[in-house]
Amino acid sequence: MEQLLQTRCFNGTQFRFRHDSPLLQCAMTFSLYLPDTATADNPVPCVYWLSGLTCNDENFTTKAGAQRIASELGLALVVPDMSPRGNHVADDPGYDLGQGAGFYVNATQPPWSAHYKMFDYISDELPHLIEGHFPISQQRALSGHSMGGHGALVIGLRQPSRYSSISAFSPICAPSACQWGQKAFTHYFGRDDELWRTYDAAALIANTTARVPILIDQGEDDEFLHTQLLPDNLLQAAANYPMLTFNSRPGYDHSYFFVCSFIDTHLQFHAACFRRDRETE
């Protein structure tokens, strides 16, 4: 790994790294926050934050204000980039497809299938790298915003044994039913409707037997609420999922002003789930 940044922050250290991903066949960056309590003798739990369309790992790191509460709670934060990148990586002129729009899926259609394997990168390759090089335990949680909220829900619901908890801000809840998701899924998967459903949080939660605690915050003034995010689809599908907490926040929009307003609540939620899991081991 190549270290790009190291700086003190709230009784911890903020890092940024670049590494070569054999899975994605390109260089990837990720940001990492480690509280001072993280040592070889005391590996700490980790929250993986998944970012939204057009973002990279630095948006959350510089805008969410999460390091202070992460330090207080003794949590590591890992923030990956959200798509493969590079001159040799397939792309599209639109902001909602290609580089900057990985949708946290394993694409099956060319040219995307060569590099767009973000589901496996987030759930397997990156945790293996992180846990092998830093004092971070195998207690993991997922969180994310918008397209990253979609990624957190889908990855967590499909692999519930790997995560203590899931949270999301303004997630794309039913990508099969919105323009963003339909465009991406058509390119990445073709017209395989069954495959689409395996990356659709509303479809997954309707049929899962998993019981991972989920926390979702949604701003009522979000400009994408009724056209792209469709939380009502998820809530209807989750009628028999008792572990879901959904907060509708009056006056809040889709921005990082919303994220930074409630990030403390989300990290406290994950810390409580980590404690619960340790006590029941």
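Note that the numbering runs from 1 along the sequence shown for the chain.
- In this structure, Asp193 does not pair ionically with Arg197, as no charged nitrogen and carboxylate oxygen lie closer than 4.0 Å.
- Hydrophobic clustering of Ile, Leu, Val, Met, Phe, Trp and Tyr side chains at less than 4.5 Å, counting indirect connections, unites Phe119 with Tyr116.
- The main-chain N or O of Arg140 is never found under 3.5 Å from a side-chain atom of Arg162 such that the two would form a donor-acceptor pair.
- Taken from CZ in Arg276 to OG in Ser165, the straight-line distance is 7.0 Å, to the nearest 0.5 Å.
- Using modelled atom types and a 3.5 Å distance limit, the side chains of Ser176 and Asp200 yield a donor-acceptor pair.
- In terms of modelled atom types and a separation under 3.5 Å, the side chain of Asn106 and the main chain of Asp120 share a donor-acceptor contact.
- Note on Arg16 versus Glu58: salt bridge recorded, some NZ/NE/NH1/NH2 to OD/OE distance being below 4.0 Å.
- The line from CG of Asp96 to NE2 of His187 is 9.5 Å long, rounded to the nearest 0.5 Å.
- Asp232 and Gln236 form no side-chain donor-acceptor contact under 3.5 Å, judged by distance and modelled atom types alone.
- When hydrophobic clusters are built by joining Ile, Leu, Val, Met, Phe, Trp and Tyr residues whose side-chain heavy atoms come closer than 4.5 Å, directly or via intermediates, Val154 is grouped together with Leu97.
- Phe269 and Leu153 are assigned to two separate hydrophobic clusters, defined by single-linkage of ILVMFWY side chains at heavy-atom distances under 4.5 Å.
- Both tests hold for Arg249 against Phe262: distance to the six-membered ring centre under 6.0 Å, angle to the ring axis within 45°.
- By the rule that hydrophobic residues join a cluster once side-chain heavy atoms approach within less than 4.5 Å of another member, Ile155 and Met82 end up as members of one cluster.
- Stacking of Arg158 on the aromatic ring of Tyr199 is recorded, both the 6.0 Å distance cut-off and the 45° axial limit being met.
- Side chain of Thr208 to backbone of Leu204: no donor-acceptor contact under 3.5 angstrom is found.
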Query raised in the report: Passes ring pair (Phe, Tyr, Trp, His ring centres under 6.0 Å), Phe30 versus Tyr48? Steps please.
Result: CA-CA 10 Å; Phe30 67 88; Tyr48 287 79; 9.4 Å; no
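- The NE2 atom of His19 sits 6.0 Å away from atom CD of Glu125, with the distance rounded to the nearest 0.5 Å.
- Under a cutoff of 6.0 Å and an axis angle of 45°, Arg211 and Tyr241 form a cation-pi pair.
- At a cut-off of 3.5 Å, with distance as the only test, no side-chain donor of Gln99 or Ser83 sits close to an acceptor on the other residue.
- Between Glu279 and Arg275, no side-chain nitrogen of the basic residue sits less than 4.0 Å from a carboxylate oxygen of the acidic one, so the salt-bridge criterion is not met.
- Under the 3.5 Å distance criterion, the side-chain polar atoms of Gln139 are matched with a main-chain donor or acceptor of Phe274.
- Leu215 and Trp49 are members of different hydrophobic clusters when ILVMFWY side chains are connected at heavy-atom separations under 4.5 Å.
- Trp196 places no side-chain N or O within donor-acceptor distance of the main-chain N or O of Gly181, the cut-off being under 3.5 Å.
- For the residue pair Gln67 / Gln14, a side-chain donor-acceptor distance below 3.5 Å is found, with atom types taken as modelled.
- Defined by atom type and a distance below 3.5 Å, a donor-acceptor pair is missing between the side-chain atoms of His145 and Ser170.
- Remark: the backbone N or O of Asp124 is not paired with any side-chain donor or acceptor of His128 at under 3.5 angstrom.
- Taking OH of Tyr121 as the reference point, atom NE2 of His115 lies at 14.5 Å (rounded to 0.5 Å).
- Counting only N and O atoms by type, the side chains of Gln179 and Thr227 include no donor and acceptor under 3.5 Å apart.
- Inter-residue side-chain proximity for Gln109 and Tyr188 is flagged as unmet; no heavy-atom pair is nearer than 4.5 Å.
- The structure places CD1 of Ile172 at 9.5 Å from CG of Leu230, a figure rounded to the nearest 0.5 Å.
- A donor-acceptor contact under 3.5 angstrom links the side chains of Trp180 and Tyr95, judged on distance only.
- With no hydrogens or angles considered, no side-chain donor-acceptor pair links Gln3 and Arg18 at under 3.5 Å.
- In this structure, the side chains of Ser21 and Met28 come closer than 4.5 Å at one or more pairs of heavy atoms.
- Taking all atoms of both residues into account, the shortest heavy-atom contact from Ser143 to Ala152 is C-CB, 3.9 Å.
- Here OG of Ser146 is found 7.0 Å from CZ of Phe224. Values are rounded to the nearest 0.5 Å.
- Side-chain atoms of Asn207 come within 3.5 Å of backbone atoms of Ala203 as a donor-acceptor pair (strictly under, hydrogens ignored).
- Although no hydrogens or angles enter the test, the distance criterion places no donor-acceptor pair under 3.5 Å between the side chain of Thr13 and the main chain of Cys9.
- With no hydrogens or angles considered, a side-chain donor-acceptor pair links Ser167 and His270 at under 3.5 Å.
- Asp253 and Ser255 share a side-chain donor-acceptor pair at under 3.5 Å.
- A donor-acceptor contact shorter than 3.5 Å links the side chain of Asn59 to the backbone of Asn56.
- Of the possible donor and acceptor atoms, one in the side chain of Asn42 sits under 3.5 Å from a partner among the backbone N and O of Thr37.
- A donor-acceptor contact closer than 3.5 angstrom links the side chains of Thr29 and Asp57.
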